[in-house]
Structure formats: C-alpha cells, structure tokens
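Any value given below was found using the heavy atoms of this structure, including those in side chains, with hydrogens, waters and symmetry copies removed. Per chain, numbering begins at 1; letters A, B, ... match sequence-line order.
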Amino acid sequence: MANFNFKIVAAAIVGVAISFTPSAAFAQTTAAVEITPDTPLEDVGRENTLVLGWSVSSPVGVTNPWAVPGYSSSEGNSLMWEGLMFYGIFTDQDIPWLAESIEYTSDDYTSLRIKLNPMAKWSDGVQVTSKDVVFTMEGQMNNDLLRFNKTFNTFVDSVIAVDDLTVDVNFKVPAPRFKFDVLTLKFDTGMPIVPAHGFDGIDNVNEYAGGVDLPHTGPYDLVAWNQNQKIYNLRESWWAIEAGLSEVPDVKRVVIANLGGTIGQNMDTVAQRLVNNEMDSALDMRQDLIASILEKNPNITTHSGSEAPYGYLDWWPNALWMNTEEGQFADVRVRRAVSLAINREQLNDILFDGAEIATIVPFPLFPGLQKFMDTDGVQALIAKYEPGKYDLDEVASLMSEAGYTKNGDDLWEMDGETVDSTINGFEGIHSDSVPILVEMLRRAGFDASTNFGTDAFQNMADGAPGLYMFGHGASLKDPFATLDFFNSRNAGTAGEPVGAYQFARYSNPEYDEILNAMSVIPSDDPAFEGLATQALEIYWRDQINVPVIQWVHRIAYNQTYWTNWPTAENVGVGVNGAFWHKTSPLVVTNLKAAQ
Amino acid sequence: MANLLELQNVSKVYSKGLIKPEQTTALQPFSLNMGEDDPTILTIAGESGSGKTTLAMLLLGFIKPTTGQIIYRGRDISTLRGAEKLEFRREVQAVFQDPFAVFNPFYTVDHLLTVPIKRFKLAKSKTEAQDKIDEALTAVGLRPEDVIGRFPHQLSGGQRQRINVARALLLKPRLLIADEPVSMVDASLRASILETLRNLQRDHGVSIIYITHDLTTAYHIANSIVVLYKGAVMEAGDVETVITSPSHPYTQLLIDSIPWPDLEQRWGKDKIFTRENDGAENGCPFYGRCAKASDSCKTLSPMFRIEKYQAASCYLYKDRPVVDLDKLSETLPV
Amino acid sequence: MTISTAPHKPQKTGWLFPFLRYLGRNKSLGIGLVILLILVAFTLFGQFFVDPKDAYPLSVPSKRPPSWEYPFGTDFYGRDLMAAMVVGMWQTAFIGVVAGGIGTFIGVVLGFVSAYFGGWVDASIRTVCQILTPIPVMLIQVVVAGSLDKRSVTIFTMALIVVMLAWMGPTLVIRSQVLTMKERQFVSVAKLSGVSDMGIIFKEILPNLLPFVAAAFVGQIFLAVFAAFYLAVLGLGPLREPLLGNIIWLAQSQGAFFNGWWWWPIIPSLGMILILGSLALINMGLDELSNPRIRRSE
Amino acid sequence: MISLILRRLGFLMLIIWSASTIIFFIPRLSSVNPVRERFAELSRLTGYAPDDLEKIVQSFNKQFGLDLPLWQQYIDYLGNVITLDFGYSLNRYPTTVVELIAQSLPWTIGLILFATILSFIIGNLLGAVAAWPRAPRWLRNTALPFVLLMGVPPVLVGVLLLFFVGFQLKFLPLGGAYSIGLLPEMSWSFALDLLRHQILPALSLVLGSIGGWVLTMRGMGITIQGEDYVNFAEHKGLSGHRIFFDYYLRNAMLPQVTAFGLALGTVVTSAIIVEGLFALPGVGTVLINAIRANDFPVIYGIVLFITISIAVIMTLLEFLYPLLDPRINNE
C-alpha cells in the first residue's frame, strides 16, 4: 500500500511538472514583452498618484500612434502625445499647444499656415520642428492604414516646411474644417504629432510597437506596463512648463489599473472600488450606478455635481441605424414607424431618472448645435415632422399602408415575413437601453430581439437585416460632420461591408448637393444655416436613421486625493473630464493634490 | 446412435495485443461425444487454469473455438440462428459457481426464474408460470414464500444456489453444464444440491457435464471423468477406476491431495516436485512437476488405453494401445 | 424509475403508502422530490396567478423592492420578478431537461453501443470522444450561437446548441461502466435464459446503471444550465426571455447589488440553487434506491 | 513499454491534428473580421473611427493571406501549428500571439491548478465519506451544502462572494492580480498580496465544483459497497480506514480520475469567465476578446494550447490507470 501511494504521488508530480513545462517556456517570453523598470520605482505615495480604472484592451507595450490597429489613445497613451492645438468644448476655445497659431491663408480655405511653438521639445530633448509636422502629415497621406489617410488624400495637395517652425498646407479643394477636424485635439479625435527622428530605421511603422523608446512630447513617460496596470511618471522636463503653458503638475504618477474583461463589464465592482478610494476616476457609468456611488462616498462628484444626469454630453448620440437601401427598412414608412414606436419620454424616465437625454437628432446638443436647433427654421421642421412623436396608431396606419398585416403573434408581417428588428448593439454600454427599445418595438408589432453577440458590428458593416444601435462620432460645433455621414460618398457598394458611421448606405443626389455645398463654407457663413436646415429636413423626411438617446459621460471624480476636476461649475481650460480622451493631459496636469 | 453433443478437435488459444500477439493455449485440441439416449454425468476435473471453465464457455457458445467444431444434435452451434439458437439456449443450460454473481442485483430473485419462462414460453399463463416456479423451488427444498420477492443479498448462499438449480430444473434442459456448483456452498448443503443434480439426470434424462476441482464430489456424482491440466487431457475414464487407481502421475497427485477422512492416512505424503520446465513447451504440461518425467515427455504423449474405461496421456503406458484423439469418448462409460 | 418496479414483495395493496414510507427513510430523495415538486407547482400554478406578459420589460413600475403587490419586487427594466420567475423557471427547466435529456440519451446509447459491441465501433466512438473532449466546448458554442440569426435563438435552439458537444462525458462514463458490467455473470445467465442482446442491454445492464445515468443526467442539466448561462453572459442567448441566467446577468450588468436592488439577483439565484440542489438530492436518493445493499441497511 | 509510449504519442498527435483542424474551420463559420472588430471596439470606447476602415481591412486581409483560398490558408496554418508559430494577432497587431499568451498564461494556470486540485481533493474525500456507512453522521452530512452549491455556476458564486465578502466585509480585494501600483517582485509581502487577490476567484471555482465530485464519488462509493470484495474485506475484519483507503477509495478513484480529465475542459471554461469577473489578466480574457473579434491566430494559439495541455494531461492519466487498478494493463 505504501508502494502504491508513492507511485501515485510520483506520477502526479510528473504530470503537474510536465503540464508546467510549456508555461515555463512562455514565462520566459513574458519578461521580454512586459515593460518593467530597470530599477525599482521610487515611492511617490498615494497622495501624489492618480489611479484611473480602465479595461485595457491595447496590447502591452504599444505606444506608437501609428501602430494599427493595436494602438489605443484611450488607455493613458494620450498622456504621451500632443497635437498642434487643443479645443475646450465647454469654453468653445482653441488652446494653442505645439503650434502657436494655425491660420487659413486664403479666403476660400485652400491654404493654411502652421507656426510651431519654439519651446516645444521631444522627451529626448530634441526640438519639435516643421520636419516633424511634415513627417506626420506625409505619413498620413502615404500610409493607407492611418486614420486620416482618406481625409488627407481628399483635401491636401501639398505640405511644405517653410522654415524650422513654419509649415504651409495647400488644399486641393476648400477645406474650412480641416484645422478643427484634423489638426485640433478634442474628445477622441485629432492628429497627434509624431517624431520624425523616432521612426528612423523603422521599415514598417505600423508594426513598430514603440514601447518606452519612442520620443514624445506629452508630460508623462511610460515606466511600467503589464497585464495588471500601466504606470506613467511625470517628466519634470516637460516643455510646456518652461514654455509657461502649464505649472509643474501635482500628479507625479498616473496608474491605469486594468479592470479586465471588456468595457462596461462588472461595473459594480468598479463602483465599489471607487467608493473604497482605491481609484480616483474610472470609465463612465450607467445612471443608477453613479447615483449610488455619490450616495456612498460624499467625496465623489461628477461633472454636474450630484444632480442628474451626473455627467456631460459626449459627442456620440445613439440612433437605431438601418440599411436604407435594401431589405424591409428600405421603405421609409417602416423606418418612420420605428421612430413612432419609441416612447422617448419613457426612455428618459427609466434610463435617466427624468433627465432629458432622449433625442431626435443625430448630433450632440453642444452650445453651437443647440443654437442651430433653436433657429426658427429647425423649430418649424420639428413642428412639421414631429420627429420625437410616439404614436402606436400611426405606426399601425403606416405599416398597413406599407402592406404589412398583423399576424397571430401580434407582429407585422408581409409575405410570411415579420420585420426583423433585431437590435445589434454592445453589451455593457447598451445593456440598459437596448432591452427597453426591444420591448417598445415589440409592443408596436416589430419582431425585435437583442443581439449583443460577437457578430453585432459585422452585421452593421454588412448591412444585415435588423437595426443597429450605434452612435455618431462627428459634430461638435456645427451639424455638418454628422450630416455628412449620409452623403452617398459613404453609401458603400451594395453587398460589400462598409465602415463605422456608414451603415445607413443612404444615397440621394439632392442631399449630396446640399452637403457638398456646405463642405466648402465655414459654419459662420450666412448660407450655412439654411443649407443645414435643408439637410436636416431630408434627414427627418427620409428618416435616415432613428435618433434615440444622447450619450452622457457619467464619470466619477473622487476628490479624496485630487481636486480641481473639470466640472460644470469649474470648467477650467474647458476640456471634458474623460481621461481617455485626447485632451487628458490638460485634465491630469491641472489636478490639485487634496492632501 | 445420435450424438447429443460432439466436440471435434476443439481448441482455444487466446491472443493479446495487436502488434505482437502473445498466445496462451487454454485448451488443447479436444474431442468428445455424448450420446443422446443415455443421459450421463461427465466430470471435467482439474485445478484452476486447467481450461475447464474455457471448456464450459465453449460448450455454452459464449466463446468461439480457435479450431474444431462443437456439434449439438447435428448442428454446429456457431451456425445457429433465430429459433434454432433459442432452442439450443433452452436445451443447454448451466449452473455457475458463484451463487451471488448470477443474480442481477437490480431485481428480486424471481427474475432468474421468470425471465426464462417468458423467453422460452414455458407457461401459458401467469398462474401456470407461478405454479412451475413453486414446483421447481419445492423440488430443490425451498419454500417459495421464503424466497420469492426477495433480493439476492437477502438470501443465504445455499438458498441462492438452490434457486440456480431450480432454474435448471425448471428449464428441463438436455444438457446441463454445472461449473463448480457446490464449491461456494456450505458443506452441509452440498449433498442435497448434488442429489438434486443427480435426480435431474436420472429422472429427467438430463446429461450433465460436471466441472470441478473437487474429485470427491465427482466420485459421488459422476459416471465418468476427464482430468485436464493446463488445457490438455491427462487422464480419462470411468470415475471409479480413475479415482481408486489413478494412472497418470498428475491424477495420482490429485488423488493423493484429497484429505480423506482417514486419520491413519498421511495427507500429501509425497513432496511436491518441481523442475525447470525447459524445452517442454510443446510437451507434457505436467513435465515441470512430474517426478517420473523422462526426456520423451518433451513431446506431448498420446492417450494410452490402460483399461477399457481408463486412458492416460503418459509415456509410462506407452506399451498400451493408443487411443485416437477423437475416440476419447470410447473410454468413458455412460 | 419508481418504487413499483422494485417492491420488497409483490404488493397488491397499492404503491402509494410503501412509496411514502420509503421516502421517509430515503431522506435525500424525499427532500429533493419535495423541493422539485414545489418548484414545479410554483411554475405550473404560478401561470394562473401572474400575467406572463409581466415577465417582460416595461410591464410594471421599475426598481420596486418586494411588497404585497410585487412579492419578488420588480427590476430595472420593469419586469415583475414574480412573473419572471414563473416563466423563467419554466424556461430554465425546459432547457435543462431537453438538453440534459438529449445529451444523456445520446451518451447512453453511444456508451452502450461502444462497450457492448466493441471492435471498430467502440474504437471509432472512443476516438471521436477523446478527440473532442479536450476542445473547449464554449468556443464552438459561441461561434455557432453567434452565427445564428438572432430571431432563431429561442429557448429550444439554445438547448440544442448546449447539447451539441455535451454527450462525450456520459458516453465515456457509461461505456466504462458497461464494460465492467457485461463481464458480470448475470449477463451470461441472461443469455442462457434466451434474452436477446437488446434485452440484455435494456433489462439486465441498464437498470444497474441507473445511478450513473441519473448522475449523468444531473450532470448534463448542470452543464446545460451553465452553458445557457454563459451564452447569456456573452450576449448570445435569447436575452429578452426571463431565463434565470438572463435575469441574473442583467441584474449584474446593472450593478443590482451595488445599487441596493438585492432582490433582483438574489431571487433567481435562489431559484437556480433550488432547481439544481433538488436534482442533486434526487440523484443521491436514486443511488440509495438502486443499490439494494444500502436499502437493506436503512 | 516503449512501443506503448510511441502509440500513445501517436494518438496524441492524432488528437492535436484533429483538434487543430476543427479549430481551424469552426471560426470560419463566422464572418466577423478581426481588424474591423478592433476599430468597432475603438469606436465604441471613444466614438472615433478611421476615415476609410474598409481600406484598412482589405490591406490586412492581404497582408495576412485571409484573401487566399481556404485550403491554402489551411496548409499554411498546419505549417504554423507544427512550428508553434502563430504570427501576429490581427486584432492586437502588432503584438504577436505568443506574446499575448505569454503575458496571460501564468495567471490562468495558477488559478486553474489551484482551484481544480483543491476541489478534486475536497470533493472526492467528502463524497467518499458521504457514501461510507461507518463514517459519523455529521461527517457524512458535511457534503450536503456543497451538493446544493453545485447548482450555482462559478461566475454566480463569484458575484455572490464579491458582494458578501468583498463589498460588505471588505477584507479581501475586489479584483486585479495584485494591488494597484505594486510591481511584481520576489518578496513575501508581494506573494501575500498576490495570494489575497487569488482567494476569491479560486473560491468561486472551487465552491461550485466540489459538489460534482461529491455526487459522483458518492454514487460510485455506494455501488462499490455492494461488491463482494468489500463485503469480504469487512467480513475479514479489516480495520475501517484500511477498507476505506485500500478497497473503497482506490476502486472508486478510477472513474473519478477519468472524470478529472474530462472536467478540465469545464474548469477552463469557468475560469475564463471568472477571470473576467475578478479582472484577472488571464488567458480567458484574451480568449474571450479573441472570440468576440474572431482573431483567428489568437484563438488558434490559445485553444490549441489548452487542447494540447488537456490531451497531454489525459494521456498522462491513462498511464496512471494501471497504478490505480492493477486489473487494467496498458499492455
């Protein structure tokens, strides 16, 4: 018997040992990919450390903004990269940064001059020059994997370095929005400037991870990165301090704690960790969760203080998109019926505790856009089209008119087919709203269900039957950028997949003409408002998609260790408080230590 | 004379492994006839590993012989199908050694009796079936109310084995293979079980192949005997002759090992002999333990007829007439 | 299996009393059956007391704690959790029983075929099982569920997706049991009694394997409910349906505990524990029932 | 013995080949494109999407040969499997698959090994005791709560543990592999911190799975009790614990060890979801993301790794059988 036991134990040990062998081999590689400081980090104390919670999805070590598609600016990397200019959404002001100025040099918006800040320096001490700007822009033009490749090729004719600090950009066609859309960092858009000398000897810039070696201009340096967290240390030699753009920041270290999983998962744990003061801020929350957080920890506040909606408007208002060219939703009456089936008041009650977040337009109601909405022209359209109307009787008459009849399950049907109204969306960010929309649609007779599956985005791209819950990341100041999504340029080819924001596949020469006219004039041009109103009329008339809710960033700001968060009462430089946006350096460097 | 059972050169070799098979001979070519008209009790004796259980399995058709044929009433049993096979099943029955293992623990003991009645359609009605069962149980000395509805573990070993015998009784087979039927039964019950078996043969005309390692019970019950050792026939003949005057050294050893109830007789007086079994792979299987072995024993000896009803496979009797393998039955009285 | 197939003595006085008496002795079977009966009664009779429509969103005021009006409270989406439990329990049980039943059935059939007939049949079934077993089932389920048209993802297709690769476990377990069982002597005796191959499988061997079959069945139900649960977790289930897994997951996604809506996740969790707990107890009880030795010592 | 090992290895190769083939074709059922999915992820986090996503997608399809005929991709893939080179993750480009696995694997292996072995031992002992008539009554009943708990999927146990232990009692951390701001080092304080973070996830896996072992072990135990050799041993008057270990546990262990191999797959699945709940940066999170994004190379890499590990463990278990039951002979 003793012999028997011995054999078992021996065999078990061998088994475990063998199963460990591959992992041991892998463990060696681990050390190679994780970023570990050579010497132990000096202790800066919790009171000088900013802890931010995020589900880190970009692969360890990727800091190069041109590493596509691994790079993400939202996980702390925006603390390393700066642009020519920032934009403060709440003050509606440009904040010149690497550039001292960016001016259009022709009346028809066909050329533009950039003057760089002579103090701007890379982290390795090299000065930021026009060489870097030209390198960045030519990269965008020539490398078709980069984000602004199409924009550059549409608008930009040439980029010329006039001297070390001056760059001229010449356009093929008038480009009144180029400065704002491309050259200015705001929310999650805008082009960061990359170092020309940092890419010396790199064959494939898309394959280069960057790591800690890539020179950057931002205030923080990456010092450690593993699966659990990313750690950034303040670089005291940050050029903006010397240039007088910033004081020496209080935040000496930023830790991005990896919340694991996918975004929006296990948010109650995140909430509890905020309440426990483990973290100072984290990704945005659903309404009830943030309300509970405020209740449990009085030190935590939000953009709107302790009032609903506990946050600020993001630029991503959600609509139910659909394929307007093929399938059942090609009939405008069916699209209109979907809009009529949605009770926006009830959405406000259930999702937002009564705050008016449900919407009838595809763009966010930031000040400039709200002004547009308040014009008489738009108000007349609202009276005419009643885009927010909830009326099941009208649904019934429209659907009957379109040839549908109710079947035994009380669902609309034509030729034995119900209206496939599966809402494709994303778990986490949509799990509060989509089930409710599904139910509203079912009550109106649409065969609705929820798809949070892996194929949701693919379905949208493919134009599959059903509805797509997706936002519009575009307009901030005027409605052009959002309305331009429905330009037939973006309609794609029937049967081929399309990119994000092109799901409508809408095509209408009349509409294109209006948008093309808008594209060459700035929004303060007298003709602009009229054109925009015309476009909006077509949008509502044709019900290109069904706007549902604005997007609210409900971000918890924990004031236990850090104060001076940007809020409605304390707008500061005017940027929004999301630390995952490209304006995050301005948020972080303005925080003040509470202790 | 029609033969009830006829074994023609039946042998069984087990082989294991696909790539390099390792062969074990369980039974050397073996022939045997049993007449249809004269029911008899034939003992197959031998120690464990002698091939006697293999023989039983072969006779029951559970395994197929490697060579030779088993002919039952003129038909090779491996070719039986359908109704004929069912008929064979009914007519050739068995009583096994372990009186517990034969019962399905899921069912009450009745299962053992009711299933064959149903399958072989032995009764026309439930009452008739019940009567038959009661009758059979009574015949083996059991009170039906003591055992019916009980689970096997609720009965004693003796009761269980008597139910087995009752099952055989119920089926009235023509041939009964009794594989060590009393070896796991209390001594006090052995006699009555053996008696029942004998009654089967005498009164119901059932031929019995009684397989045992116990020569004393064989002596009591059987007419003739075949002694097997490692799959080969060592000695065969009239049970009286073989047991009172064994001729093969192996049989002698066996007889010598029987603990006779005679205080004067020394038990196991001869030392057990062992020798290197080299070169005797195809020889006499007893070569390694035989005190009288010679070099000629390295090939297997044919059967030599010693008496009318006694033959042994041993060169000690090489001056006697040789019995052909297929004539072995002639040495067995009925 | 019921007691009527295995009475101690042929009973002509009816089966109910001995059955109840037996349950008194076999406590796990008794308790398990009682819980299961209560659950079945709850979901069956519940249908008369609640409006099944209230199990879906927007039916009642949302986020109400338990009260006389809503005994189990209401959730964020405006479901009456009482109604949701009645409907959801039924659906969860349906998936469990259908998927568990089919999985066990396939497993038992293949296990028997494999072990009883041996040879190349056995070799091929065993090889397929051994090849499939190490592959994480979830991957295949996720991809299959993901490629389905969402309107065809119903409670029933959910069960089928779950069962797809759930049969290897029971197959291997039953196979090994049959292998040992078929060497037992009562099988030889049954052959001698003229019982056919099928008869031996179904009447002689199968009853003795009931504890294993029952254990496999419980195991399969566990796997089915579990798989249905994680498909829901990944957003691949019929999310609109008030399946217990769905309710719990939605509660979790809305931070129910943190927000103080404890009743929302707790009640379906209790339901889940009771369903599978009672099945587990019944399984233990079945072991006692089918093993005469234990029965004797009771 | 050598030929036996060779045969086993041959069979192992067969399993690996079949598994690789199935794993190759199954994700192809889905039309999801990994590169597009990465941009979907980026756009729903931040709203941003590149100007011309389709151009980028086409470019990657070409770079990674996704536009080649399926058979050609299959042959390339088999070549990669043999050399264990899975190249780049499409969704996390420019990171390689091996790097992704290497970062996450230690966390998962640690968790699974810890949890499985713990539940296997506890579950089988409790199950054996529950079926053993000589054990004191209270000891037999210890198994009961675990049997009831097996109704709860590990992720739910995790949720409940998080709430009751994490939120309410506040003595264990709520997530992460170790405390925020620490860096891994060889020190007792770090090891302790690490262990504290592993307790809740491991408990989530263990509590739910003990019941399964208890049940089957108990079933097995009861059946074995009916066997003659146990009766016989009892009649021989062998001491209780001798019977328990020699006859009872040892005989009942055989099917359990088989089940152990089978259970590994389930445990891996549970671990994958529990990891997400506790923000453990394990291979599960990577796999789920890869499945969601249809990131073929990562799915292949991880699933094959898991499959091969389980197959290897099962093969090893087969070598264990003869030790557990001398009647079984591998020859």
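- Of the listed residues (A:Asn343, A:Val270, A:Ile293, A:Leu351), the one with the most heavy-atom contacts under 4.5 Å to chain C is A:Ile293.
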Give the intermediate values and the outcome of side-chain contact (heavy atoms from CB on, under 4.5 Å) for residues A:Gln272 and C:Phe257.
CA-CA 10 Å; A:Gln272 185 67 42; C:Phe257 275 127; over 6 Å; no

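- For A:Val275, the part lying near chain C is the side chain, with the backbone staying farther off; criterion is any non-hydrogen pair under 4.5 Å.
- Ranked by non-hydrogen atom pairs under 4.5 Å with chain C, the options A:Arg286, A:Gln458, A:Gln287, A:Lys296 are led by A:Lys296.
- Distance CG/C:Asn259 to CE/A:Met267: 11.5 Å, rounded to 0.5 Å.
- Note that CD of C:Gln252 and CG of A:Asp268 are 4.5 Å apart. Values are rounded to the nearest 0.5 Å.
- Only the side chain of A:Gln346 comes within contact range of chain C, with at least one heavy atom under 4.5 Å from a heavy atom of that chain.
- Chain A is approached within less than 4.5 Å, heavy atom to heavy atom, by C:Tyr56, C:Pro57, C:Leu58, C:Ser59, C:Lys63, C:Phe76, C:Tyr77 from residues 54-92 of chain C, ordered by number.
- Within 6.0 Å of atom CD in A:Glu345, 12 or fewer heavy atoms from other residues, nucleotides or ligands are found, so the atom counts as exposed in its surroundings.
- A:Lys389 NZ: more than 12 foreign heavy atoms inside a 6.0 Å radius.
- No more than 12 heavy-atom neighbours from other residues, nucleotides or ligands sit within 6.0 angstrom of CZ on C:Phe156.
- Of the listed residues A:Val434, A:Leu289, A:Asn459, A:Thr269, the one with more heavy-atom pairs under 4.5 angstrom with chain C than any other is A:Leu289.
- Proximity to chain C (any heavy atom under 4.5 Å) is shown, for A:Met285, by neither the backbone nor the side chain.
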